[in-house]
Undergrad: 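Sharing a structure here in structure tokens format.
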Amino acid sequence: MSTTTSRAGLNTAGGGDRPRRHRSVAPRWLPYLLLLPALVFELLVHIVPMLTGIWISGLQLNQFFIRRWLDAPSAGLDNYRVALNFDGAVGEALLNSFVVTFAFTLAVLAVSWTMGMFAAVMLQRPFRGRGLIRTLFLIPYAIPVYAGVIVWKFMLGRDNGMVNTLLAQLGIGEGDTFWLLGDQAFWSTVVVAVWRLWPFAFLTLTAGLQSVPDDVYEAASVDGAGLWRQFRSLTLPMLAPVNQVLLLVLFLWTFNDFNVPYILFGQSVPRSADLLSIHVYQSSFITWNFGVGSAMSVLLLLVLLVITAVYLPLTNRRVRDA
Amino acid sequence: MREPVSFRVLRVVGLVLLTLFVLAPLYVMVVSSVKPLGDVQGRFTWIPTTVTVQPFIDMWSTVPLGRYFVNSLVVSLLATLCSVLLAISAAYAISRYRFRGRGLFRVTVLSTQMFPGILFLLPLFLIFVNIGQATGFALQGSRLGLVITYLTFSLPFAIWMLVGYFDSIPRQLDEAALVDGSGPVGALVRVVLPSAAPGIAAVSIYSFMTAWGETLFASVMTTAQSRTLAVGLREYSTQVNVYWNEVMAASLVVSIPVVVGFLLLQRYLVQGLTAGAVK
């Protein structure tokens with residue numbers, strides 16, 4: 001992060017070496033004035049809540065104190081001890097939630113990216129009906145998340161669901177599986193999340209492919225490179241910058257996903273699909289353990305900060321190059 | 001260019017499977033929205049035995065869907081407007097000026113974008129409660145309060161994307177305007193904003209869609225009066241019944257405007273993504 005700060009002064013973005021005439025025109029305080037409204041709101045919706053969150057993670061905050069939380073007694077580091085005691089019920093569930101979230105994220109990421117890549121490459125060259133298919137593929141992303149996921153909830157129902165009906169009609173299984181209970185719930189959640197998310201990968205990769213010139217492929221084709229070879233040696237390297245940002249965005253959206261499990265399961269989330277966002281939500285707003293919930297939030301924040309610190313220089317460079 | 005037969009087969013099979021996967025829920029949504037309640041509660045059927053438009057009529061009275069629709073619209077539009085206006089100003093400063101604290105601000109914006117809403121939910125809830133007690137103005141449960149919480153995700157994204165977009169607009173353009181006697185704000189309004197129109201459109205679409213679909217803050221920060229569609233659709237599930245046909249009809253109705261809008265404007269989103277965030 002320190003490199004970013006120091007490099008910012010070097011004016012590497014956009015303009016190159018051109019002299020900056022407006023520096024003499026604009027008063028020094030102008031950029032700060034332009035920044036002020038956003039700065040105030042950034043403070044209000046991000047910085048202050050984050051500091052408040054850290055503070056309340058040290059309070060014994062439950063439903064009795066929620067309306068006058070400033071009076072809640074201090075808990076020291078007790079909330080963290082509870083959250084990180086993996087032999088206790090709370091800590092054990094939190095650890096489970098971490099593992100589930102990582103597994104979920106990896107699965108959704110791998111499948112969404114592969115499907116998006118496949119579709120983008122297959123639709124790269126014009127053919128009849130291409131525009132229609134492209135449009136269709138974007139629909140799941142455009143549908144409001146609660147509407148899309150609620151249909152899946154209906155489809156995954158045991159007795160009146162389409163999935164069980166289809167499986168029975170195809171002769172696979174008895175058609176009486178509980179898709180939203182037990183271990184199946186994990187895979188159901190993955191499928192629903194992929195359905196929602198893969199169009200974004202498709203959209204981004206399609207946009208990325210449009211910047212790859214056709215004659216590169218023609219040259220490779222003349223040289224006798226097969227389609228798979230062209231994909232590996234041309235398409236993938238050219239898409240590398242797009243992929244760096246895309247994978248980060250997909251990772252964070254999936255890792256932080258609240259909507260899909262919340263709409264699918266409501267208040268009774270099965271252990272196998274107990275994603276972190278919803279786990280913290282339930283610890284705070286369902287069991288009224290706000291102090292421990294905040295401690296979990298701070299731990300989650302630390303994990304995300306590490307991920308950000310690793311990835312930020314990469315994306316920041318990308319933004320700068322744009 | 002030659003395409004081997006195996007490639008064509010792979011393409012057809014792959015695209016057909018993907019299409020079925022994408023369309024299956026849409027088909028279920030449409031077909032279930034025209035079934036009577038008895039049919040939709042029984043074993044799923046691909047073709048409805050009785051077709052009725054009753055769910056489309058009843059859905060407005062089972063749940064105050066109209067009010068939720070208006071709430072969602074007001075909240076999403078306000079959140080979009082606020083974040084785009086704030087972001088234009090901030091992104092212009094970051095893109096066009098070098099000043100102390102610029103790097104720090106960028107890093108902060110970038111990192112807050114990566115945090116889940118759950119991190120801000122409880123603190124914002126408590127802060128709103130305190131503000132309400134101190135001033136008598138109840139942010140918690142109001143539409144304005146919800147708009148403010150939506151800035152947690154729409155503002156960082158909007159700033160991030162617009163900085164990228166503004167950077168891609170040649171500086172010579174606004175420098176020329178400055179030479180011609182426009183002030184910096186004149187250059188922003190007359191030169192940068194028109195050239196950045198696709199980027200601003202992309203950011204607006206994105207902000208609107210995420211606000212329209214948001215469920216986390218909406219489930220905690222709303223009351224019966226300010227409830228949005230995201231929470232309201234759950235009310236079709238009662239102790240006695242789940243009105244699945246009405247849920248499907250309502251989902252269809254709230255999806256159509258967003259989907260149509262998105263498909264009309266997605267060109268700008270693609271441009272915005274290529275020029276801004278991803279390049």
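Naming convention: chains lettered A, B, ... in sequence-line order (proteins, then strands); numbering from 1 in each chain.
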Undergrad: Is B:Arg234 in contact with chain A via its backbone, its side chain, both, or neither, using a 4.5 Å heavy-atom distance?
TA: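 Just its side chain gets close to chain A.
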Undergrad: Examine whether an atom of B:Val259 lies under 4.5 Å from a heavy atom of chain A, and if so say whether it belongs to the side chain, the backbone or both; otherwise answer neither.
TA: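 Both backbone and side chain.
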Undergrad: Would a 4.5 Å heavy-atom cut-off, applied to side chains only, mark A:Val163 and B:Phe44 as touching?
TA: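 The answer is no, as the side chains (C-beta and beyond) never meet within the 4.5 Å cut-off.
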Undergrad: Find the distance between CG (A:Leu301) and CZ (B:Phe120) and round it off to the nearest 0.5 Å.
TA: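 Taking CG in A:Leu301 and CZ in B:Phe120, the distance rounds to 8.0 Å.
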Undergrad: I need the A:Asn160 CG to B:Trp244 CH2 distance, nearest 0.5 Å.
TA: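 Taking CG in A:Asn160 and CH2 in B:Trp244, the distance rounds to 7.5 Å.
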Undergrad: For the candidates B:Ser251, B:Pro170, B:Ala87, which exhibits the highest count of non-hydrogen atom pairs separated by less than 4.5 Å from chain A?
TA: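 Top count of heavy-atom pairs under 4.5 Å with chain A: B:Ser251.
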Undergrad: Counting only non-hydrogen atoms closer than 4.5 Å, does A:Asn164 touch chain B with its backbone (N, CA, C, O), its side chain (CB onward), both, or neither?
TA: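 For A:Asn164, heavy atoms of backbone and side chain both lie under 4.5 Å from chain B.
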Undergrad: I'd like to know which of A:Ile150, A:Leu39, A:Val145 tops the heavy-atom pair count under 4.5 Å against chain B.
TA: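 Most heavy-atom pairs under 4.5 Å with chain B: A:Ile150.
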Undergrad: Using non-hydrogen atoms and a 4.5 Å limit, figure out which bit of B:Leu229 sits close to chain A: side chain, backbone, both or neither.
TA: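 Both backbone and side chain of B:Leu229 come within 4.5 Å of chain A.
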Undergrad: With chain A as the partner, which of B:Tyr92, B:Phe262, B:Phe125, B:Phe166 has the greatest number of non-hydrogen pairs under 4.5 Å?
TA: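 Winner by heavy-atom pair count: B:Phe262.
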Undergrad: Given heavy-atom pairs under 4.5 angstrom as the criterion, report whether the side chain, backbone, both or neither of B:Ser32 touches chain A.
TA: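 Only the side chain of B:Ser32 comes within 4.5 Å of chain A.
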Undergrad: Considering non-hydrogen atoms only, spot the tightest contact between B:Ile148 and A:Val45 and give its length.
TA: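 Shortest heavy-atom separation between B:Ile148 and A:Val45 comes out as O-CG1, 3.4 Å.
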Undergrad: To the nearest 0.5 Å, what is the distance between OG on A:Ser283 and CD1 on B:Ile118?
TA: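 Output value for this atom pair is 9.0 Å.
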Undergrad: When you compare the side chain of A:Tyr146 with that of B:Glu214, does any pair of heavy atoms fall below 4.5 Å?
TA: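 SC-SC contact between B:Glu214 and A:Tyr146 ruled out.
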Undergrad: Pick one of side chain, backbone, both or neither for A:Ile278, based on which atoms fall under 4.5 Å of a heavy atom in chain B.
TA: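 No part of A:Ile278 comes within 4.5 Å of chain B.
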Undergrad: Sort A:Trp152 into side chain, backbone, both or neither according to what part of it lies under 4.5 angstrom from a heavy atom of chain B.
TA: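 Contact with chain B involves the side chain of A:Trp152 alone.
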Undergrad: Taking the side chain from B:Thr112 and the backbone from A:His46, do they hold a donor-acceptor pair closer than 3.5 Å?
TA: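 Not a single qualifying donor-acceptor pair exists.
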Undergrad: Mind checking whether A:Trp195 and B:Pro25 have side chains closer than 4.5 Å, heavy atoms only?
TA: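 Yes, their side chains come closer than 4.5 Å.
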Undergrad: I want to check something: taking the side chain as every heavy atom from C-beta on, are B:Met114 and A:Ile307 in contact at a cut-off of under 4.5 Å?
TA: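 B:Met114 vs A:Ile307: side chains apart.
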Undergrad: Compute both the distance and the angle, then confirm whether B:Arg11 meets the cation-pi test with A:Phe127: under 6.0 Å from the six-membered ring centre, within 45 degrees of the axis.
TA: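 Verdict for A:Phe127: a cation-pi partner in B:Arg11.
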Undergrad: Can you measure from OG1 (B:Thr215) to CG (A:Asn259) and round to the nearest 0.5 angstrom?
TA: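 The distance works out to 3.5 Å.
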Undergrad: Quick one: CZ on A:Phe137 to CG on B:Leu15, what's the gap to the nearest 0.5 Å?
TA: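 Answer for the CZ-CG pair, A:Phe137 versus B:Leu15, is 5.0 Å.
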Undergrad: Where does A:Leu252 contact chain B at under 4.5 Å (heavy atoms): side chain, backbone, both or neither?
TA: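 The side chain, not the backbone.
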Undergrad: Please state whether the side chain, the backbone, both or neither of B:Val129 comes within less than 4.5 Å of a heavy atom of chain A.
TA: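 Contact with chain A involves the side chain of B:Val129 alone.
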Undergrad: Any donor and acceptor pair, going by atom type alone, linking the side chain of A:Asp159 with main-chain N or O of B:Gly42 inside 3.5 Å?
TA: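 No, the answer is negative, given that no donor and acceptor are paired below the 3.5 Å cut-off.
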Undergrad: Looking at A:Phe290, A:Trp198, A:Tyr262, A:Phe255, which one has more heavy-atom pairs under 4.5 Å with chain B than the rest?
TA: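 The answer is A:Tyr262.
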Undergrad: Quick one: are A:Met50 and B:Phe115 in side-chain contact, heavy atoms under 4.5 Å?
TA: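 The answer is yes; the side chains approach within 4.5 Å.
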Undergrad: Could you work out, with side-chain contact (heavy atoms from CB on, under 4.5 Å) as the rule, every residue matching A:Leu33, not counting sequence neighbours?
TA: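 Per chain and number, A:Leu33 pairs via side-chain contact (heavy atoms from CB on, under 4.5 Å) with A:Trp29.
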Undergrad: Contact part of B:Ile169 toward chain A, heavy-atom cut-off under 4.5 Å: side chain, backbone, both or neither?
TA: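 Looking at B:Ile169, nothing touches chain A.
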Undergrad: What option among A:Met296, A:Met115, A:Met162 has the most heavy-atom pairs under 4.5 Å with chain B?
TA: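 The option with the most such pairs is A:Met162.
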Undergrad: Which region of A:Met122, side chain (C-beta onward) or backbone (N, CA, C, O), has a non-hydrogen atom less than 4.5 Å from a non-hydrogen atom of chain B, or is it both or neither?
TA: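 It is both, since atoms from each part get that close.
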Undergrad: Side chains of B:Leu26 and A:Ile143, heavy atoms from C-beta outward: is any pair under 4.5 Å?
TA: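 Side chain of B:Leu26 against side chain of A:Ile143, heavy atoms only: contact under 4.5 Å found.
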Undergrad: I need the A:Ile133 CD1 to B:Leu18 CG distance, nearest 0.5 Å.
TA: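 Answer rounded to 0.5 Å: 9.5 Å.
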Undergrad: Below 4.5 Å, heavy-atom pairs only: which of A:Tyr32, A:Phe154, A:Tyr281 has the largest tally toward chain B?
TA: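 Looking at each of A:Tyr32, A:Phe154, A:Tyr281 in turn, A:Phe154 comes out on top.
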Undergrad: Heavy-atom cut-off 4.5 Å, strictly under: side chain, backbone, both or neither for A:Leu51 against chain B?
TA: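 Neither; nothing under 4.5 Å.
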Undergrad: Between A:Trp253 and chain B, which part of the residue has a heavy atom less than 4.5 Å away: side chain, backbone, both or neither?
TA: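 The side chain, not the backbone.
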Undergrad: Report yes if some heavy atom in the side chain of A:Ile47 is under 4.5 Å from a heavy atom in the side chain of B:Thr108; otherwise report no.
TA: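 Result yes, sub-4.5 Å side-chain heavy-atom pair found.
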Undergrad: Heavy-atom distance under 4.5 Å to chain B: side chain of A:Leu276, backbone, both or neither?
TA: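 Neither part; nothing is under 4.5 Å.
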Undergrad: Heavy-atom distance under 4.5 Å to chain B: side chain of A:Ile56, backbone, both or neither?
TA: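 Only the side chain of A:Ile56 comes within 4.5 Å of chain B.
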Undergrad: Between A:Leu304 and B:Pro116, is any pair of side-chain heavy atoms under 4.5 Å apart?
TA: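 With C-beta onward as the side chain, the pair touches.
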Undergrad: Using non-hydrogen atoms and a 4.5 Å limit, figure out which bit of A:Val222 sits close to chain B: side chain, backbone, both or neither.
TA: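 Answer is neither: A:Val222 stays 4.5 Å or more from chain B.
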Undergrad: A:Leu300 versus chain B, heavy atoms under 4.5 Å apart: side chain, backbone, both or neither?
TA: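 For A:Leu300, the side chain is the part near chain B, not the backbone.
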